[in-house]
Every structure is written in C-alpha cells, then in structure tokens.
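For reference, the structure is listed below as structure tokens.
All chains are named by letter (A, B, ...) in the order of the sequence lines, taking the proteins before the strands, and each is independently numbered beginning at 1.
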Amino acid sequence: MTDIPSQLTTELPPAWQPAAVEAELYQRWVDSGYFRADPRSPEPPFCIVIPPPNVTGSLHMGHALEHSIMDALTRRRRMQGFETLWLPGMDHAGIATQNVVERELAGEGLSRHDLGREAFVERVWRWKAESGGMILNQMRRLGDGVDWSRERFTMDAGLSRAVQTIFKRLFEDGLIYRAERIINWCPRCHTALSDIEVEHSEDEGELISIRYGDGEVSIVVATTRAETMLGDTAVAVHPDDERYRHLVGTEVVLPLTGRRIPVVADDHVDPAFGTGAVKVTPAHDPNDFEIGRRHGLPALTIMDERGVITAHGPFEGLDRFEARPAVVAALREQGRIVAEKRPYLHSVGHCSRCDTVVEPRLSLQWFVKVAPLAKAAGDAVRDGRTTIHPADLAKRYFDWVDNMHDWCISRQLWWGHRIPVWYGPNDKVMCVGPDEEPPEGEDWHQDPDVLDTWFSSALWPFSTLGWPERTADLDRFYPNSVLVTGYDILFFWVVRMMMFGLYAMDDVQPFDHVYLHGLIRDASGKKMSKSRNNVIDPLDWLDRYGADATRFTLARGATPGGDMALSEEWAAGSRNFCNKLWNASRFALMNGATVARPLPERDALTDADRWILDRTDALVSEVDTQFEDYQFARLCDALYHFTWDEFCDWYLELAKVQIAAGGERAEATRAVLGHVLDTLLRLLHPLVPFVTEVLWLSLTGKESLVVADWPAVRGAAPDAEAARRIEGVQRLVTEIRRFRSDQGLKPGQRVAARLSGMDGAGLAGHEPAVSTLVRLEPPGESFASSASVEVSLPGGTVTVELDLSGTVDVAAERRRLAKDLAAAEKELAQTEAKLGNPQFADRAPAGVVAKIKARRELAVAEIQRITARLEALAGSGS
RNA sequence: GGGCGCAUAGCUCAGCGGAAGAGCACUCGGUUUACACCCGAGCGGUCGCAGGUUCGAGUCCUGCUGCGCCCACCA
C-alpha cells in the first residue's frame with residue numbers, strides 16, 4: 001500500500017484545489033492495481049472496451065463525455081463487487097493516419113512513392129511511437145480507471161491475427177468476394193471509399209441538355225457531368241414511354257466521338273424527369289452500371305485514378321474539371337446544347353477525409369456479403385440479447401441493418417491490414433490464414449490493398465480479449481457488458497461489431513447493452529468545429545475547473561441519445577458543487593463526524609436525524625434506479641439536490657443546533673453526520689472520483705474509496721411522521737424568513753419573538769431549531785408584539801409575533817397580505833370548480849380527489865387567517 | 001426524395017394524463033465563525049400555432065409553421 005499523499009494528511013484547506021492532488025491520486029490508484037482485472041476472480045464480470053480513438057486523435061469534449069460515462073459505470077460496478085475490466089486502446093485509422101504522415105512527408109518535399117511501401121509503413125510506425133496516442137495520456141487527466149496492462153492497438157500482432165483469421169473464415173464461407181463494381185473513388189487519396197466515408201452536400205452545378213444523334217433520329221439527354229459522355233455506351237428510356245418507343249432498338253450517333261450507341265428501354269428511367277431520356281455511362285455511374293449489366297452494354301473507362309481523361313482525342317490528359325467546360329464548349333460549337341440550367345443545385349459526394357469530390361469508378365474490389373450477417377445483427381436486437389438505450393434508436397438500427405449494401409472492404413492504401421490474398425498463375429487465388437505460409441515463387445504476389453479501418457474495429461469487442469485464442473479474458477469478459485458510444489456511429493461501427501461478433505462468437509452478441517450518448521454542442525446549440533471557432537477544449541477545463549467538475553458537467557447533461565449544449569457557466573457550476581461538497585464535509589469533520597461508532601438506536605435520534613437518514617436511503621435507491629437506466633442527467637440532479645438542498649441547507653443547519661446541545665445528542669448527531677456523508681461520498685464517487693476520495697480518506701482513514709463497498713439501503717421503514725414534522729419546520733422557517741425579508745430586517749439581525757401554536761401544529765420541541773434558523777430571541781420582560789405572521793400548516797396554525805420596536809412596515813405587510821389573499825382565493829376557486837364537477841368526482845381516482853380537498857381546506861384556512869390579520873391591521877389604525 | 005427528432009421562464013433543459021420545475025442569468029438584502037466557488041428573499045411561463053380525444057392535456061391524436069439530424073444511385 002502506498003502512503004497517503006502529504007496534502008491529504010494535513011488539515012483540509014478551505015477550498016477544494018483539484019490541481020494539487022489529482023495527478024498524485026491517479027498514480028496511487030494505478031499503482032495499487034485497482035484497475036487491473038483478474039479473469040480468475042469468482043466475482044461476476046463487468047466489461048467495457050473503449051471505443052478506440054484514432055491514433056492521430058487528441059481528447060475532445062466528445063471523448064470526455066464518453067469517458068466520464070464509462071468510468072462512472074465501471075467504478076460503480078467495481079464498488080458493487082463486480083470483477084471489472086475497462087479496456088483501453090487505439091485505432092490505427094487507415095486513411096486519417098496515412099494522410100497525417102503524407103502531409104509530414106510533403107513538408108520534406110517527398111511523397112510516399114519516393115520512400116516505397118515498406119519504408120513508408122515503417123515511417124508511420126515511427127510516427128505512431130513518437131506522436132501518436134496523445135489521447136491515452138490525456139485520459140489520465142480525466143481519471144479514467146482503465147486497465148493499462150491490457151492496452152491494445154488495432155495493428156498489434158494479436159489483433160492482426162484476429163483480422164486474418166476472420167477474413168479467411170469469411171472467405172471460405174463465401175461471405176467475402178471480389179468483384180468489379182462502381183465504387184466511390186477519391187481521386188486525391190487514390191483509394192476506394194465505403195458509403196460511409198462519403199459525405200453529401202448540396203453543391204452548385206450546371207445541368208445541360210445535349211442532343212444526341214442527328215436529323216430524324218435524335219434524342220435529348222441531360223447531365224451535370226458532361227465529360228462522362230465520352231464514355232457513354234447507350235441512351236435509356238422508360239419502356240412505356242410513347243415518345244421514344246419508336247427509337248428503342250435503334251442507334252444514335254454520340255457527338256464528338258462519332259460512335260453509334262443503342263437506345264435501350266429500362267425501368268430505372270423516370271419518364272417525368274427532364275426529357276425522359278438518360279445517357280448511360282456504365283464505367284462512371286452506379287445506376288448506369290446496373291443498366292449496362294441488364295442490357296449487356298460495354299463499360300468504357302475514360303478516366304484514370306487521378307480523375308484525368310484517358311479517352312483518345314482532344315480531351316485526353318485533361319483533369320475532369322477542365323474537361324467538363326471543354327466538352328461543353330465543343331458541343332456548343334456543334335449546336336448540340338439544347339438548354340443550360342444554372343445554377344443547378346444537386347447533391348454531390350465528397351471524400352470525408354479530404355473533401356475532394358468523389359468520382360464513381362469501375363474497379364475490382366473486395367466486398368463483404370452483408371445480408372446474412374446483417375440479418376443476425378438485427379435479430380440479436382429484436383430478440384433482446386442486446387438492448388439499445390434509448391430504445392427509439394433501435395428503429396434506426398433496424399432501418400440500417402435491413403437495407404445494408406454489400407460492404408467494400410479494400411482500400412488502395414499502404415497503412416492498414418494487408419489483404420491476405422495471393423494471386424498466382426492461371427488466375428489462381430489463395431487466402432492465407434495467420435499460421436499459414438504464403439505460396440512460394442515469382443509468379444505469386446499478394447494483393448496490394450489494405451482493409452477498411454472499420455474491418456478491424458468491428459472485431460474490437462473480442463479481438464482485444466485474445467480471440468481467436470480461447471483466453472481466460474475472452475471466456476470471462478465476452479460479451480461486453482455495455483458499449484458506450486455516440487449515436488452518430490451507431491450505423492457504421494455498432495452494426496459492424498454486431499455482425500462480426502455474432503459471426504465469430506457462435507451467435508453470442510458482443511454486448512448486452514448499447515448506450516448511445518448525444519453530440520456536444522456549443523452554448524447556442526451549434527456543432528463544435530474548428531472552422532466555427534467554438535470548440536471548448538476539455539484540457540482547458542481540466543486545468544481551470546478540475547477533472548471532477550468537468551466530468552460532473554458532462555454527466556449532468558447526458559440524457560440517452562440527447563445532444564448537449566455546453567458553456568462555461570456549467571463548468572463553473574460544477575466546480576462550485578464540488579466545493580460545496582468539500583466545505584460541507586469539512587464542516588462535518590471539524591464537528592467530529594465519524595463512522596467509527598454505529599448509528600444510535602431510533603429512540604436516540606431526533607426528527608431531523610430520522611428525516612435525513614430516510615432521505616439518504618431514498619437517494620441510494622434513486623441513484624441505483626437512474627444508473628440502471630443510464631439516466632445520468634437525473635442521477636446528477638438527484639445527487640446535486642440532495643447534497644445542496646437537503647444535506648447542506650437543512651440538515652447541517654439543524655445539526656448545528658443538535659451539536660450545540662452537547663452530550664449524547666451531539667454524539668448521536670456526529671454518528672448520523674458520519675453515516676450520511678460516508679454514503680453520499682460513495683454515491684458520488686463514480687462521477688467525481690478525486691474530491692470524494694480525498695474527503696473519504698479524511699472521514700474514514702481507510703485505504704481508498706475506489707474499492708469501498710457501494711451503499712445499500714438501511715432497510716428501516718421511513719419515518720413518515722418525522723418527515724412531516726421536518727417539512728413543517730421547513731415551511732415555518734421559510735415563511736418567517738419571507739416575513740422578515742418583507743419587513744426589511746437584515747438576515748443576521750436578531751429579534752425578540754414569541755412562537756405559539758407549535759404544539760397544536762405537531763411541532764413541539766422544534767422551537768430551538770426554528771429560532772436558531774431564523775435568528776429569533778426569546779421574548780424578554782419588555783416584549784411588545786408589533787408584527788406577526790401566521791403560518792397555516794397541515795396540523796394547525798403557528799403564530800409568530802415579533803417585537804420590531806417601531807420598524808414595522810405596515811404598508812409592506814398589507815401589500816403582501818393582499819397578494820397572498822389573491823393567490824388563496826384563486827386556489828379556492830380552482831379547487832371548488834374541480835370538486836363541483838360531478839364527472840370529476842365520479843371518474844378521478846380517490847387519491848386525487850382527497851388531495852384536491854386538502855388543498856381546498858388549506859385555502860379556506862389561509863383566507864380566514866389573512867382576512868383576520870387585515871382586520872387587525874385596520875383596527876390598529878395605522 | 002425518404003425517415004427521425006425537437007419547439008416549456010432571458011439562456012440551457014427536465015417534466016410526458018391529475019396543483020407549471022431545475023441550473024445559470026437577473027433584482028433586493030447580507031462579516032449568518034463549513035463554504036462570497038457562499039447565505040436568505042424575490043422577479044420571470046395563455047408549455048410554437050390551429051383543431052380533436054378526455055371529467056381533466058406541456059403531457060395523447062391530426063394538421064400547420066420553424067429549426068435540427070440521419071439516410072439516398074433521379075440523369
């Protein structure tokens with residue numbers, strides 16, 4: 001066991017200073033091995049694997065949120081006695097990382113081709129060792145209780161083995177195939193992109209109509225990509241379109257090329273759009289590719305991988321964006337342009353990494369056949385093996401799995417898992433598993449492409465635990481308990497993990513629960529982005545407000561699937577909360593709060609003691625409920641209000657009176673304070689681990705709150721009578737304070753007063769507490785009542801007379817009474833209207849009727865009281 | 001083009017069939033020996049609009065308006 005940090009043994013300073021202790025505390029936790037999981041433990045397992053951040057990434061608010069939630073879930077389970085594993089790691093992030101290193105090379109005037117593949121990949125590894133994974137260090141600042149001994153990287157040996165293993169298995173099951181398809185191609189990155197790596201935006205273009213053919217046999221088509229006409233191999237019309245029926249089966253001349261192309265009939269064509277005739281470019285458009293397949297049309301590739309025209313003729317060698325106006329100009333010269341529509345807004349795909357306009361391109365790629373895998377992924381959620389929180393997002397999940405296209409998994413990059421397929425003579429193809437030797441000989445070569453990054457991410461829930469080996473970790477911690485991630489990657493990541501998890505692990509789901517958090521926005525609800533310059537850096541908050549305040553702020557805004565607007569005030573509020581907890585604890589400790597003595601018997605407890613103990617029990621249940629439901633915002637709210645309103649504002653104030661009484665009463669109070677504080681710190685620990693740890697060590701002198709037990713409800717039935725009396729005291733105190741404030745009394749000014757009716761209201765014995773809380777002095781010899789307030793309580797009315805010695809503000813009191821009277825009369829009218837409605841009496845539940853009746857009685861009493869008081873004031877003549 | 005979500009106090013949001021809530025902001029008053037990162041009191045809302053269901057509707061239904069998000073191969 002390590003020594004308790006020096007700061008913690010000395011007296012607690014008057015404010016919580018996170019910067020002074022966070023790093024030291026975190027190191028203690030790690031050194032003590034609290035975060036290390038033991039697969040051989042007999043306790044029930046709880047496991048979360050971290051959504052692996054990109055190796056190029058650094059901590060942003062989204063991570064901070066996600067991690068706060070994962071840490072809270074894991075810490076609570078640990079305290080509950082589960083064998084917990086929170087596994088950290090990183091993703092190699094294929095395109096993103098390759099781009100970073102290529103940019104670095106460009107600074108040296110080099111390209112990856114100058115280095116060659118092997119040297120380039122080596123360079124990326126070196127980059128990773130030097131500057132990658134900054135985020136892992138930043139996680140320590142947050143206090144993430146991860147098992148550092150199990151850190152993983154998607155490109156490390158074990159995970160690469162998993163990738164090869166599943167590839168081979170899918171290959172042999174016929175679920176991976178190679179095909180020539182139109183894929184999304186980035187002419188800048190020189191690689192295929194999957195659907196999800198393409199971002200659509202409404203861009204300005206030009207829709208031009210071109211006349212194909214000549215004389216009698218001509219037809220007008222429209223396009224936004226004029227240059228692709230060089231690759232046209234047909235014109236298509238709808239089979240039922242009367243206008244063109246006579247042309248189907250004939251040929252028209254394709255301008256600029258002189259080639260003759262057929263007119264075909266195809267259902268895909270919408271006769272209502274444009275002229276109802278479509279140019280068909282099978283090699284450069286996905287729809288056209290399908291039309292071409294149906295009609296046996298040739299696919300003519302007219303562009304290379306850089307987007308440069310390769311078709312022989314005047315346009316050869318031009319970039320696609322240079323060729324477009326050149327082609328249009330040439331057509332215009334020939335009088336072929338029938339119409340131009342500009343600007344024409346239409347949806348254009350962009351590379352999500354570099355924003356280059358995506359070019360559909362015909363090429364040979366590897367695909368995963370998703371239908372059977374997606375079906376299984378849908379079923380696992382449908383039959384409840386995996387639960388999605390919030391439940392409404394399951395609908396979107398089903399939409400996705402039910403309509404998924406085959407997944408293009410090959411990427412023309414160098415950084416990533418190389419496709420384990422070898423090609424030999426006579427079109428021989430061989431898939432090589434992890435323990436197999438690749439085929440020998442000059443005439444065999446490996447596929448040059450690597451796999452989509454998401455391919456290895458999809459294995460993360462089990463590859464990190466040692467799969468394909470049957471390890472103790474895998475046995476113990478699969479399926480994972482919860483996946484915590486943003487709803488924005490439900491589709492491309494969660495679905496893929498579900499597919500591969502079920503496939504690799506004999507139909508066992510990768511996780512029991514999926515918790516989807518929302519997106520972080522700025523104070524005005526805008527998405528945070530560097531270009532908008534509204535990014536809040538969590539490291540800045542960690543420096544200025546501390547880890548606990550940052551975490552609490554994020555947890556407080558976390559509703560399932562709900563976005564959250566963040567602003568500075570929230571962080572300050574959370575910092576204040578931590579400080580409130582700090583000072584409340586400090587007060588309790590200074591007054592001898594202790595957990596060394598058991599709670600006194602019920603008879604030795606006051607109403608206030610019983611009330612706060614019952615409230616504490618209620619809090620424990622509430623916190624458990626909200627935790628199980630992933631309702632972090634409500635959870636934080638409950639803890640915040642208990643701490644601030646119930647514990648600090650009421651119980652601590654009442655406890656001061658009890659401690660001042662001395663003797664047994666004081667001793668009992670110290671035990672109650674100790675119990676409540678102990679419970680509260682345990683409940684808060686998963687959310688705000690640092691401040692609670694320091695305070696708890698001071699309170700208990702034990703080793704660490706990290707491994708303390710999670711609180712349980714005491715099991716005693718709540719004392720409803722005590723609660724009613726304390727609520728009476730609260731109401732009375734609040735009314736007297738209001739009265740004092742209305743009278744213009746300073747809060748601290750002591751004033752002589754006479755309380756009457758306390759016994760009748762059931763508040764016998766609470767006079768000292770009330771008097772202390774509202775600064776009342778006992779009435780002396782010369783007491784002269786000059787102002788009074790009557791407070792209607794459920795048990796009866798309490799009258800408070802004050803000796804204000806001439807400071808009475810009768811006008812102010814009249815105003816206040818008039819206002820109260822109006823409110824009471826409105827209340828009376830409302831309740832009577834309701835009760836007077838026969839249908840209400842018939843149909844409303846008895847409890848509701850009783851409540852309304854009680855409200856009416858209180859209103860009547862209030863009106864009588866106010867009226868009497870107003871008469872008295874009038875009688876006094878002032 | 002399809003699908004989903006949101007509109008409640010100045011701001012950010014909770015409430016989802018039985019008296020309009022919280023935090024922050026704002027106003028007033030405070031050396032109240034735990035805390036000014038605080039304490040006390042207060043101001044502030046025909047719950048987007050229009051209909052409907054119900055004894056009763058921010059709360060359920062329909063339509064409208066305004067935002068936002070996701071998906072998409074209309075040239």
Side-chain angles (χ1 to χ4, degrees), chain A residues 12 14-16 182 195-196 200 207 209 221-225 228 236 268-270 272-281 285-290 346-347 349 360 392-393 395-396 399-400 403 487-488 490-491 519 521 523-527 545 549 556-557 559 561-570 572-591 633-634 637 640-641 648-649 652-653 656 734 737-742 744-750 772-775 827 830-831 834 837-845 847-849 851-852 855:
Chain A
L12 300 174
W16 163 234
I182 294 275
D195 290 347
I196 54 174
H200 293 265
L207 183 70
S209 303
V221 299
T223 182
T224 53
R225 295 190 298 150
T228 61
H268 170 262
V269 180
D270 175 4
F273 186 92
T275 60
V278 186
K279 62 191 276 302
V280 181
T281 324
D285 183 280
N287 293 319
D288 295 4
F289 180 75
E290 292 303 321
H346 63 138
S347 175
D392 355 330
L393 280 174
K395 266 184 287 173
R396 285 214 227 167
D399 280 352
W400 185 263
N403 299 301
Y487 66 75
D488 53 334
L490 173 64
F491 319 110
L519 269 31
R521 298 169 180 283
S524 58
K526 297 237 166 43
K527 223 172 180 169
Y545 299 111
R556 225 175 148 188
T559 54
D563 291 348
M564 139 179 22
L566 273 191
S567 72
E568 196 81 17
E569 287 82 48
W570 283 83
S574 300
R575 186 257 332 258
N576 296 354
F577 173 67
C578 291
N579 196 236
K580 187 70 178 176
L581 178 69
W582 178 264
N583 275 293
S585 307
R586 211 162 60 92
F587 168 80
L589 291 167
M590 287 189 309
N591 282 283
R634 292 185 197 169
D637 247 34
Y640 185 97
H641 284 116
C648 290
D649 287 352
L652 287 187
E653 295 307 319
K656 285 175 186 174
T734 302
R737 280 173 177 163
R738 181 148 79 107
F739 182 67
R740 287 182 53 124
S741 180
D742 287 346
L745 287 174
K746 308 286 182 212
Q749 188 177 333
R750 290 174 187 281
T772 307
L773 261 53
V774 290
R775 318 266 146 193
E827 175 77 0
Q830 275 179 359
T831 47
K834 213 154 204 193
N837 180 345
Q839 285 174 303
F840 172 74
D842 286 354
R843 307 204 189 179
V848 175
V849 176
K851 249 196 224 166
I852 306 268
R855 278 169 52 199

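Considering only the side chain of A/T224, B/rA75 comes nearest among B/rC24, B/rA75, B/rA34. Side-chain proximity of A/V278 to the nucleotides B/rA34, B/rA75, B/rA19 is greatest for B/rA75. Distances were taken from every side-chain heavy atom of A/W400 (C-beta onward) to each of B/rA75, B/rA72, B/rA19; the shortest belongs to B/rA72. Considering only the side chain of A/N579, B/rC35 comes nearest among B/rC35, B/rG23, B/rA34. Listed nucleotides: B/rA75, B/rG15, B/rC35. Nearest to the side chain of A/R634: B/rG15.
For the P atoms, the distance linking B/rC61 with B/rG66 amounts to 22 Å, nearest Å. Taking atom P on both B/rC37 and B/rG15, the two are 32 Å apart, rounded to the nearest angstrom. With C1' as the reference atom, B/rC47 and B/rA19 are 15 Å apart, rounded to whole Å. A gap of 32 Å separates the P atoms of B/rA20 and B/rG29, to the nearest Å. Taking the P atoms as reference points, B/rG10 lies 23 Å from B/rC16, given to the whole Å. The same atom, P, is picked in B/rC49 and in B/rU54; the two are 23 Å apart, to the nearest Å. Straight-line distance between the P atoms of B/rG58 and B/rU8: roughly 15 Å, to the nearest whole Å. Rounded to whole Å, the C1' atom of B/rA41 lies 28 Å from the corresponding atom of B/rU46.
Per the geometry, CG belonging to A/D488 stands 12 Å off P belonging to B/rC69, to the nearest Å. What separates CG of A/D285 from P of B/rA72 is a distance of 16 Å, to the nearest Å. Distance, A/M564 CE to B/rC13 P: 10 Å, rounded to whole Å. Summarising the geometry, the separation between CG on A/N576 and P on B/rC24 is reported as 8 Å, rounded to the nearest angstrom. Here the P atom of nucleotide B/rU33 and the CD atom of A/E653 are 10 Å apart, to the nearest Å. Whole-Å rounding puts the A/H268 NE2 to B/rA75 C1' distance at 8 Å. Atom pair A/L393:CG and B/rG5:P shows a separation of 10 Å (rounding to whole Å applied). The nearest whole Å value for the distance from the CG atom in A/L519 to the C1' atom in B/rG5 is 13 Å.
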Dot-bracket notation for RNA chain B, counting Watson-Crick and G-U pairs under 3.5 Å, with | for partners on another strand:
((((((((.[[[[.)..(..]]]].(((((.......))))).....[[[[[..)....]]]]])))))))....
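Residues passing the side chain to side chain donor-acceptor pair (under 3.5 Å) test with A/R855, sequence neighbours excluded: A/E827. In terms of the salt bridge (Lys or Arg N to Asp or Glu O under 4.0 Å) criterion, residue partners of A/R738 (sequence neighbours excluded) are, by chain and number, A/E735, A/D820. The side chain to side chain donor-acceptor pair (under 3.5 Å) search around A/T223 returns none, not counting sequence neighbours. Qualifying salt bridge (Lys or Arg N to Asp or Glu O under 4.0 Å) partners for A/R225, counting only residues two or more places apart in sequence or in other chains: A/D285, A/E359. The side chain to side chain contact (heavy atoms under 4.5 Å, CB included) check on A/V848 picks up A/F840, A/P845, A/I852, with sequence neighbours excluded. Under the side chain to side chain contact (heavy atoms under 4.5 Å, CB included) criterion, A/D649 pairs with A/W644, A/D645, sequence neighbours left out. For the side chain to side chain contact (heavy atoms under 4.5 Å, CB included) test, residues two or more places apart in sequence or in another chain that qualify with A/T734 are A/W650. For A/K746, the salt bridge (Lys or Arg N to Asp or Glu O under 4.0 Å) criterion is met by no residue, not counting sequence neighbours. With sequence neighbours left out, the side chain to side chain contact (heavy atoms under 4.5 Å, CB included) criterion links A/L589 to A/L12, A/S698, A/L699.
Contact annotation for A/Y640: backbone-only contact, meaning every heavy-atom pair under 4.0 Å involves sugar-phosphate atoms and none involves a base. Nucleic acid contact class of A/L652 (heavy atoms, under 4.0 Å, all strands): base. Looking at heavy-atom distances under 4.0 Å, A/R586 makes contact with sugar-phosphate atoms alone, never a base. Heavy atoms of A/E827 sit under 4.0 angstrom from at least one base atom.
Nearest-nucleotide assignment on RNA chain B puts the 5′-proximal partner with A/P14, out of A/P14 and A/Y487. Mapping A/A15 and A/Q830 onto RNA chain B by nearest heavy atom places A/Q830 at the nucleotide closer to the 5' end.
Between A/K656 and the phosphate of B/rA34, there is a side-chain N or O to OP1/OP2 separation shorter than 4.0 Å. For A/N403, no side-chain nitrogen or oxygen approaches OP1 or OP2 of B/rC71 to under 4.0 Å.
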If a protein heavy atom is under 4.0 Å from the base, mark B; if only from the sugar-phosphate, S; if neither, -; do that for nucleotides 39-44 of chain B going 5' to 3'.
SSSSS-
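Summarising the geometry of A/D288 relative to A/K279, their closest heavy-atom pair is OD2-O, 3.3 Å, with the distance given to 0.1 Å.
One cannot find a donor-acceptor pair under 3.5 Å joining the base of B/rC70 and the side-chain atoms of A/R396.
Taking OH of A/Y640 as the start and CG of A/N576 as the end, the distance is 7.5 Å to the nearest 0.5 Å. The OH atom of A/Y545 sits 12.5 Å away from the SG atom of A/C578 when rounded to the nearest 0.5 Å.
For B/rG17, the O4'-C1' to base torsion is more than 90° from 0; the nucleotide is therefore anti.
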Under 3.5 Å, which protein N or O atoms sit close to an N or O of nucleotides 55-59 of chain B? Give each pair with its distance.
unit_1: B/rC55; atom_1: OP1; unit_2: A/R843; atom_2: NH1; d: 2.0
unit_1: B/rC55; atom_1: OP1; unit_2: A/R843; atom_2: NH2; d: 3.1
unit_1: B/rC55; atom_1: O2'; unit_2: A/N837; atom_2: ND2; d: 2.6

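By the 6.0 Å and 45° rule, A/K656 stacks over the aromatic ring of A/F587.
Put simply, the side chain of A/W16 does not reach to within 4.5 Å of the side chain of A/N583, judged on heavy atoms.
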